[in-house]
Amino acid sequence: MDDNCSNQVAKQTTNSVVKQTPACIGRFAPSPSGPLHFGSLVAAIASYMVAKSNGGRWLVRMEDLDPPREVAGAAQQILTSLESFGLYWDGEVVYQSQRQSLYQQKLEELIRQKIVYYCSCSRRAIENRNQAVYDGHCRGQLKADRLNSQAVRIMFAGGFECFDDQLCGHCQFYSKADKQDFIIKRRDGLFAYQLAVVCDDIEQGVDHLVRGMDIIDSTPRQNYLYHCFAKAPPIYYHIPLVLDGAGRKLSKSSGAPRLNENNKTDLLLKAFSHLGQKVDAAMLDADSEELIAYFEKHWQTELIK
Ligand code: GLU
Ligand code: ZN
């Protein structure tokens, strides 16, 4: 292991004497900015299968933290689609929009540790000082200024730039942008994704975290937050993205087509083969529920590439 990789994940895997069996709780955490598309179906399936093939639970959390980016009705559409593909979640769906008091309480823990500060810099002011990497200008502003709308940033000292991923192996981040003090509450008063996702995953006991590769560069920041809250980070699986014909990530914002649910067997087979799974010819005529049940038995995480 590299000398400079002194983060908690590495320490835990090498130093733990008593191996605790994780409960195995996975989750799918869509943002309701549009209906389920093929890329999010793949993420849903992978997180479901990793949890279920380990005898675990699979949770669904709606990441509706940012009302302006939401599309009315999308949350319900996503849930209906998941059920129609035979992906049934355990327990109640959690909505981030209803969890402000949890995030506020966790923010106050960080305030008490004196590792956060109030930042009044506009994006332009930061750009004028240097190339968009935040320079820690407002470190020391430990009290909110009531006259100003301010973001809350957390001091990020480094030491979290590497971690082990079950699919991507040992990952290390070098860019300056990955080490800057980051925002945990925005100046418009909304809690930032980085804080909310860690609070929720801790509170829900998520220990097997499966999600798209596009989020992998958030992992060092999130591992730092786990460290601040004195919690062990989850086991990570960052899965390969689904790209469109032009090599761009399929996303709601780039206009990914809505799934044609008349074609569920084909879509599921395509998703499983994107995830490297072997599809038995006998399954070509199976319906969604049969396919999900089949792969719960035959799923092999190590085939994902
Ligand atoms: N809500 C995020 C998304 O839809 C996923 C966040 C995560 O899995 O950590 O892309
Ligand atoms: Zn500032």
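For the numbers below, each heavy atom of this structure counts, side chains included, while hydrogens, waters and symmetry mates do not. First listed ligand is number 1; within each ligand, the first listed atom is number 1. Position 1 is the first residue of the sequence; numbering continues from there.
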Asks: Report yes or no: does Y134 have an N/O/S atom closer than 2.8 Å to the Zn ion (ligand 2)?
Replies: yes
Asks: Starting from the N and O atoms of ligand 1, collect every protein N/O partner closer than 3.5 Å and put each pair on its own line with the distance to 0.1 Å.
Replies:
unit_1	atom_1	unit_2	atom_2	d
ligand 1	1 (N)	A29	O	2.8
ligand 1	1 (N)	S31	OG	3.0
ligand 1	1 (N)	E63	OE1	2.6
ligand 1	4 (O)	S31	N	3.3
ligand 1	4 (O)	S31	OG	3.1
ligand 1	8 (O)	R27	NH1	2.6
ligand 1	9 (O)	R27	NH2	3.1
ligand 1	9 (O)	Y193	OH	2.8
ligand 1	9 (O)	R211	NH1	2.9

Asks: Return yes if a side-chain donor-acceptor contact under 3.5 Å exists between Q113 and E109, otherwise no.
Replies: no
Asks: Can you confirm whether the side chains of E289 and Y88 place a donor and an acceptor under 3.5 Å from each other?
Replies: yes
Asks: Mind checking whether L41 and L87 have side chains closer than 4.5 Å, heavy atoms only?
Replies: yes
Asks: Can you label the angle between the Y224 ring and the F182 ring as parallel, tilted or perpendicular, going by 30° and 60°?
Replies: perpendicular
Asks: Please find out if the Zn ion (ligand 2) and some N, O or S atom of C121 are separated by less than 2.8 Å.
Replies: yes
Asks: Is it possible for you to check whether K185 lies under 6.0 Å from the centre of the six-membered ring of Y103, through NZ or CZ, and within 45° of that ring's axis?
Replies: no
Asks: Could you list the donor-acceptor pairs under 3.5 angstrom formed by side chains in residues 60-67, with sequence neighbours left out?
Replies:
unit_1	atom_1	unit_2	atom_2	d
R61	NE	E63	OE2	3.1
R61	NH1	D201	OD1	2.8
R61	NH1	Q204	OE1	2.8
R61	NH2	E63	OE2	3.0
R61	NH2	D201	OD1	3.2
E63	OE2	Q96	NE2	3.1
D64	OD1	Q96	N	3.0
D64	OD1	S97	N	2.8
D64	OD1	S97	OG	3.4
D64	OD2	S97	OG	2.8
D66	OD2	R186	NH1	3.3

Asks: In the structure I gave you, are the side-chain heavy atoms of F295 and L275 within less than 4.5 Å of one another anywhere?
Replies: no
